Amino acid sequence: MYKFFVQPQINEQDHSIYGYEALLRKRQKDTWTLPTNFSEISLDDQTKLIEQTAADLKTSLTNKVIAFNLNREQIDDPLALGAIVALKKRLNPAALTIELTDAPTLDEIQRYSLLLHQYGMKLVLDDVGTGTNTYDNIKNLLPFVDQIKFAMQNLRMSGQANQIPELLAFWTNIARQYHLEMVLEGVEDHHDQLLADKYGIKIHQGYLYGKPTIPV
């Protein structure tokens, strides 16, 4: 059994809910866990779950954003774009944003950008600055996206928390250069809020605002 948990994204400028990231979870006995492979449930089934999640959140009334993740294998699926466009039509007028957890090729992001923007969806590069999502690897992709996400928790888990301020300064500068929105993920306390404020980051996500939960 699968469900999408949601975690709020907060606009600190006016303290409102900007939207929600939908996070896939799998039922294992008496607990919910991360799937070992996010492609073990078809994209069609995931979009049906997203549709139910949007209904539970009443996003058609509030027009809050739902951010839906795609991994490398799903990006490669030739049917993925059609499934996403069909989902957006079913969710109208609610906003849908696609977060790419793995950097696509230049050809792929050009196709995604062209089609998703036609249907009013935004495209996001997740986890910039960590893993393979270095600036050199993604700089040619940046003109085709609308938003980048910087995940502080990735650096904390890898013992590199001391690099957060320097990397935040770098990526906020990149966001300004490319006229991109930026989301700061992993906001856990007031110190993180102050750090975000220092670099002018308005959209926050993290345990300070709420852990991922099943919408009711």
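It should be emphasised that the depicted structure is a prediction, and the values quoted were computed from it without experimental measurement. Throughout, numbering of the chain's residues begins at 1 and tracks the sequence.
- Between the side chain of Asp146 and the backbone N or O of Leu123, at least one donor-acceptor pair lies under 3.5 Å.
- Linking Ile, Leu, Val, Met, Phe, Trp and Tyr whenever their side-chain heavy atoms come within less than 4.5 Å leaves Leu49 and Leu79 in two separate clusters.
- No side-chain N or O of Asp136 forms a donor-acceptor pair with one of Thr134 less than 3.5 Å apart.
- A distance-only check finds a donor-acceptor pair linking the side chain of Gln74 to the backbone of Asn71 [under 3.5 Å].
- For Gln28 and Thr31, the side-chain atoms include no donor-acceptor pair closer than 3.5 Å.
- Between Thr36 and Lys26, the closest side-chain pair of non-hydrogen atoms is not below 4.5 Å.
- A donor-acceptor distance shorter than 3.5 angstrom exists from the side chain of Arg72 to the backbone of Ala103, with no hydrogens or angles considered.
- The hydrophobic cluster containing Phe4 also contains Ile84, counting ILVMFWY residues as joined when their side-chain heavy atoms lie under 4.5 angstrom apart, directly or transitively.
- Remark: of the listed residues His204, Glu181, Gln205, Lys64, Glu181 is the sole one forming a side-chain contact (heavy atoms from CB on, under 4.5 Å) with Tyr18.
- Note on Ile17 and Tyr207: separate hydrophobic clusters, where clusters join Ile, Leu, Val, Met, Phe, Trp and Tyr whose side-chain heavy atoms are under 4.5 Å apart, directly or indirectly.
- Ring centers of Phe144 and Tyr112: at least 6.0 Å apart, outside the cut-off.
- Checked options Thr172, Ile201, Asp127, Leu184; the residue passing with Phe150 is Leu184 (criterion: side-chain contact (heavy atoms from CB on, under 4.5 Å)).
- Side-chain atoms of Gln193 and Asp197 include no donor-acceptor pair closer than 3.5 Å.
- Connection of Leu91 to Val65 is not established within any shared hydrophobic cluster, with ILVMFWY side chains joined at heavy-atom distances below 4.5 Å, either directly or through further cluster members.
- Side chains of Glu21 and Asn69: a donor on one and an acceptor on the other come within 3.5 Å.
- Side chain of Asn137 to backbone of Thr132: a donor-acceptor contact under 3.5 angstrom is found.
- For the residue pair Asp45 / Ser42, a side-chain donor-acceptor distance below 3.5 Å is found, with atom types taken as modelled.
- Looking at residues two or more places apart in sequence or on another chain, you find no ring pair (Phe, Tyr, Trp, His ring centres under 6.0 Å) involving Tyr178.
- Gln160 pairs by the side chain to side chain donor-acceptor pair (under 3.5 Å) definition with Ser158, not counting sequence neighbours.
- Residue Tyr209 is tested with Glu12, Glu188, Gln7 for a side chain to side chain donor-acceptor pair (under 3.5 Å); the sole match is Glu12.
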